[in-house]
Chemist: 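The structure that follows is given in the form of structure tokens.
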Amino acid sequence: MKHFILSIFILSIAISSSYAQQLSGRRAAAAAENSPTVSVRAQNMYGNTEVNTDNLIWMREIYRQLDLKNPKNGPLYFPVEPIGNRINLFTLIFNLLTEGKITAYEYLDGREVFTDQYKLNVKDILVKYGVFYEEQFSKSSKNPVYKVHESDVPSNEVLGFYMKEMWYFDQANSTFDSQITALCPLLTRDGDFGDALRIPMFWIPYESIRPYLSQVQVMTSNYNNVVSSTYDDYFRQRLYKGDIYKTTNLANLSLMQYCPTDSAMRAEQKRIDAELQAFEKNLWQQSDSIDIAALKSKKNLTKEEKDILRKLQADEKADAANAETATSTTTDSGTSTKSSSSSSVKQSSPKTSTKSSSSSAPKQQATPTKSVRRQR
């Protein structure tokens with residue numbers, strides 16, 4: 001009897017252990033479904049899209065803050081928890097990070113350094129932000145894999161992103177474009193005094209997650225529910241809305257540091273956006289469609305605008321010289337024509353007067369001669 005009871009006890013322990021392993025396997029499979037798998041070949045292909053800055057003749061780095069409460073940025077925030085194949089941006093980044101597929105770098109105030117010195121350990125990130133996790137080891141990898149349940153991912157607290165853009169003009173390819181170089185999630189939590197604190201978590205180089213973003217589809221419209229775009233398409237088409245908070249400058253200052261008021265900051269943001277649009281417009285716009293009067297009346301001209309104004313003024317002088325030459329040619333031609341017609345009158349008038357006159361010949365010839373001179 002004792003042996004029978006002992007056997008039942010051992011069997012129950014074995015069944016419970018097997019069930020626990022199956023449950024853990026299901027969770028791991030669920031996490032793997034939300035994290036796309038990209039081959040090495042695909043990673044190399046997407047990695048080659050990075051712009052070579054050595055060939056650029058003009059470049060400007062822009063920092064934007066994306067507010068996920070803005071409806072235009074809604075596709076980056078919803079769904080808060082994965083629904084089928086739909087997953088929001090932070091959950092995707094978080095899963096890739098815990099699975100060891102991408103690397104996070106420390107957020108440094110005023111600079112981004114993507115070197116081994118500033119790499120972050122995944123476990124330290126989980127502990128720092130109070131995320132519950134399960135540490136697992138596999139035979140195929142020396143590094144542990146951290147499993148986090150969907151409900152424990154703090155995607156509902158990430159209400160924004162910092163984004164670093166690079167605007168550039170490549171003269172060799174006649175290309176003016178922008179490229180995202182890095183993303184930083186902003187965690188929003190209550191401070192000690194009840195106010196909301198925005199905490200930058202870490203920087204992720206965009207090129208390292210581009211292959212995965214191109215595999216995850218995103219719904220960009222409530223009206224049309226056909227999911228035909230990916231996160232990479234969303235970013236490349238600039239469907240997001242972000243406010244500029246900094247540009248790369250000599251003093252490494254953000255807009256907040258040299259704009260004393262909110263209205264001054266908004267004016268500065270508009271000015272920077274207008275400069276980017278004007279640069280692109282001046283690259284392709286034809287000279288004859290530019291308002292030269294507006295440029296002349298403008299007080300502070302940029303170097304590009306001065307060059308355009310100088311070229312327009314030179315074109316105006318050339319056009320005026322050509323018009324003057326054409327006018328003088330037309331005038332000379334008209335004078336020659338008039339002289340020819342006068343000669344014709346001189347020759348025909350005496351004949352007519354001779355035939356029609358009944359007086360003596362000398363008197364008939366003198367009268368037409370005086371008449372022709374008066375016409376002159």
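Numbers here are sequence positions counted from 1. None of these values were measured; they are calculated from a predicted model. Computed from heavy atoms alone, side chains included, the values below leave out hydrogens, waters and symmetry copies.
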Chemist: What heavy-atom pair brings Asn88 and Tyr77 nearest, and what distance separates the two atoms?
Modeler: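 That closest heavy-atom pairing would be ND2-O, 3.1 Å.
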
Chemist: Are Leu92 and Leu187 linked, directly or through other ILVMFWY residues, by side chains that come within less than 4.5 angstrom of each other?
Modeler: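 Cluster IDs for Leu92 and Leu187 match.
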
Chemist: If I compare all heavy atoms of Cys259 with all of Ala264, which pair ends up nearest, and what's the gap?
Modeler: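 The answer is SG-O, 3.9 Å.
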
Chemist: Report the distance from atom CD of Glu106 to atom CG of Asp124, rounding to the nearest 0.5 Å.
Modeler: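 Glu106 CD to Asp124 CG: 11.0 Å, rounded to 0.5 Å.
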
Chemist: Does CG belonging to Asp195 count more than 12 external heavy atoms closer than 6.0 Å?
Modeler: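 Enclosed: over 12 neighbouring heavy atoms sit under 6.0 Å from CG of Asp195.
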
Chemist: If you measure from the Lys or Arg side-chain nitrogens to the Asp or Glu carboxylate oxygens, is any gap between Lys270 and Asp273 under 4.0 Å?
Modeler: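 Asp273 and Lys270: not salt-bridged.
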
Chemist: Measure the CD1-CZ distance between Ile204 and Phe94 for me, rounded to the nearest 0.5 Å.
Modeler: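 Spacing of CD1 (Ile204) from CZ (Phe94) equals 11.0 Å.
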
Chemist: What's the verdict on side chain to side chain donor-acceptor pair (under 3.5 Å) for Asn224 and Ser221, showing C-alpha distance, side-chain angles and the deciding distance?
Modeler: CA-CA 5 Å; Asn224 184 3; Ser221 172; over 6 Å; no

Chemist: For the side chain of Arg189 and the backbone of Tyr129, is there at least one donor-acceptor N/O pair under 3.5 Å apart?
Modeler: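 Yes; judged by distance alone, with no hydrogens or angles, the pair exists.
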
Chemist: Less than 4.5 Å apart, any side-chain heavy atom of Pro205 and any of Tyr105?
Modeler: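 The answer is yes, as the side chains (C-beta and beyond) meet within the 4.5 Å cut-off.
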
Chemist: Linking I/L/V/M/F/W/Y whenever their side-chain heavy atoms sit closer than 4.5 Å, directly or via other members, would Tyr258 and Tyr63 fall into one cluster?
Modeler: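 Each belongs to a different hydrophobic cluster.
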
Chemist: Provide the closest heavy-atom pair for Gln257 versus Leu253 in the form atom of the first, atom of the second, distance.
Modeler: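 Nearest pair, atom of Gln257 first, then Leu253: OE1-CA, 3.2 Å.
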
Chemist: Give, for atom OG1 of Thr261 and atom CD of Glu268, the distance between the pair rounded to the nearest 0.5 Å.
Modeler: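 The OG1 atom of Thr261 sits 11.5 Å away from the CD atom of Glu268.
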
Chemist: Using side chain to side chain donor-acceptor pair (under 3.5 Å), reason through Asn173 and Asp170 one step at a time and then give a plain yes or no.
Modeler: CA-CA 6 Å; Asn173 301 322; Asp170 188 353; 2.9 Å; yes

Chemist: Does Asn282 use its side chain to pair, donor to acceptor, with the backbone of Ala278 at less than 3.5 Å?
Modeler: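 Yes, the answer is positive, given that a donor and an acceptor are paired below the 3.5 Å cut-off.
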
Chemist: Say whether Leu120 and Tyr162 are linked into one hydrophobic cluster, either directly or through other cluster members, by side-chain heavy-atom distances under 4.5 angstrom.
Modeler: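 No, separate clusters.
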
Chemist: Taking C-beta and beyond as the side chain, do Leu126 and Phe132 meet within less than 4.5 Å on heavy atoms?
Modeler: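 Not touching, per the 4.5 Å side-chain cut-off.
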
Chemist: For the residue pair Ala182 and Trp203, what are the closest heavy atoms and their distance?
Modeler: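 The pair with the smallest heavy-atom distance is CB-CE3, 3.5 Å.
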
Chemist: Does the pair Tyr234 and Asn73 meet the rule for a side-chain contact (heavy atoms from CB on, under 4.5 Å), with working shown?
Modeler: CA-CA 10 Å; Tyr234 178 87; Asn73 301 327; 3.7 Å; yes

Chemist: Side-chain contact test, heavy atoms from C-beta onward, threshold under 4.5 Å: evaluate it for Asp232 versus Tyr206 and give yes or no.
Modeler: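 Contact flag for Asp232/Tyr206 side chains = yes.
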
Chemist: So do Leu255 and Tyr245 actually touch side chain to side chain, heavy atoms under 4.5 Å?
Modeler: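 No - every pair of side-chain heavy atoms lies 4.5 Å or more apart.
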
Chemist: Show the numbers, then the answer: is there a side chain to side chain donor-acceptor pair (under 3.5 Å) between Ser178 and Arg238?
Modeler: CA-CA 9 Å; Ser178 67; Arg238 302 176 196 165; 3.1 Å; yes

Chemist: Distance from Gln171 atom CD to Leu56 atom CG, nearest 0.5 Å?
Modeler: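 Here the interatomic distance stands at 11.0 Å.
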
Chemist: Can you tell me how far NZ of Lys281 sits from CG of Leu276, rounded to the nearest 0.5 angstrom?
Modeler: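 So the CG of Leu276 and the NZ of Lys281 are separated by 14.5 Å.
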
Chemist: Apply side-chain contact (heavy atoms from CB on, under 4.5 Å) to the pair Val127 and Tyr133, showing each step before the final yes or no.
Modeler: CA-CA 9 Å; Val127 172; Tyr133 65 92; 4.3 Å; yes

Chemist: Looking only at non-hydrogen atoms, find the nearest pair between Thr220 and Pro75 and report the distance.
Modeler: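 Heavy atoms of Thr220 and Pro75 come nearest at CA-CG, 4.1 Å.
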
Chemist: Decide whether Leu76 and Val216 are clustered together by the hydrophobic rule: side chain heavy atoms of Ile, Leu, Val, Met, Phe, Trp, Tyr closer than 4.5 Å, transitively.
Modeler: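 Yes, one cluster joins them.
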
Chemist: Do Glu99 and Asn95 have side-chain heavy atoms sitting under 4.5 Å apart?
Modeler: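 Yes, their side chains come closer than 4.5 Å.
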
Chemist: Step through the shown structure and confirm whether more than 12 heavy atoms of other residues, nucleotides or ligands are within 6.0 Å of CD on Glu275.
Modeler: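 Check passes, neighbour count above 12.
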
Chemist: Tell me, do Phe202 and Tyr107 make a side-chain contact under 4.5 Å, heavy atoms counted?
Modeler: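 No. Closest side-chain heavy atoms not under 4.5 Å.
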
Chemist: Would you say Val131 ends up clustered with Leu96 if hydrophobic residues are merged whenever their side chains have heavy atoms under 4.5 Å apart, either directly or through other cluster members?
Modeler: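 Yes; Val131 is reachable from Leu96 via cluster members.
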
Chemist: If you define the side chain from C-beta out and look only at heavy atoms, does anything of Lys164 sit under 4.5 Å from Glu61?
Modeler: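 Yes, at least one pair of side-chain atoms sits under 4.5 Å.
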
Chemist: Less than 6.0 Å separating the ring centroids of Phe279 and Phe176?
Modeler: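 Yes, close enough.
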
Chemist: Might you point out which heavy atoms bring Met201 and Cys184 nearest each other, and give the distance in Å?
Modeler: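 Heavy atoms of Met201 and Cys184 come nearest at N-SG, 3.9 Å.
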
Chemist: Just do the side-chain contact (heavy atoms from CB on, under 4.5 Å) check on Ile125 and Lys128 with the steps written out, would you?
Modeler: CA-CA 5 Å; Ile125 295 175; Lys128 180 178 180 179; 5.8 Å; no

Chemist: Between the side chain of Asn252 and the main-chain N/O of Gly110, is any donor-acceptor distance below 3.5 Å?
Modeler: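 At least one qualifying donor-acceptor pair exists.
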
Chemist: Hey, are the side chains of Phe161 and Tyr240 touching, using non-hydrogen atoms and a 4.5 Å cut-off?
Modeler: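 The answer is no, as the side chains (C-beta and beyond) never meet within the 4.5 Å cut-off.
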
Chemist: Output yes when a side-chain donor or acceptor of Lys147 lies under 3.5 Å from a complementary backbone atom of Thr98, and no otherwise.
Modeler: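 No: the side chain of Lys147 does not pair with the backbone of Thr98.
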
Chemist: Does atom CG (Asn249) have a neighbourhood of more than 12 heavy atoms from anything else shown, all under 6.0 Å?
Modeler: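 Yes.
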
Chemist: Might you work through the side-chain contact (heavy atoms from CB on, under 4.5 Å) test for Arg198 and Gln65, ending with a clear yes or no?
Modeler: CA-CA 11 Å; Arg198 260 195 321 264; Gln65 179 179 332; 3.4 Å; yes

Chemist: What's the spacing between Gln269 CD and Arg64 CZ if we round to 0.5 Å?
Modeler: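 Here the interatomic distance stands at 9.0 Å.
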
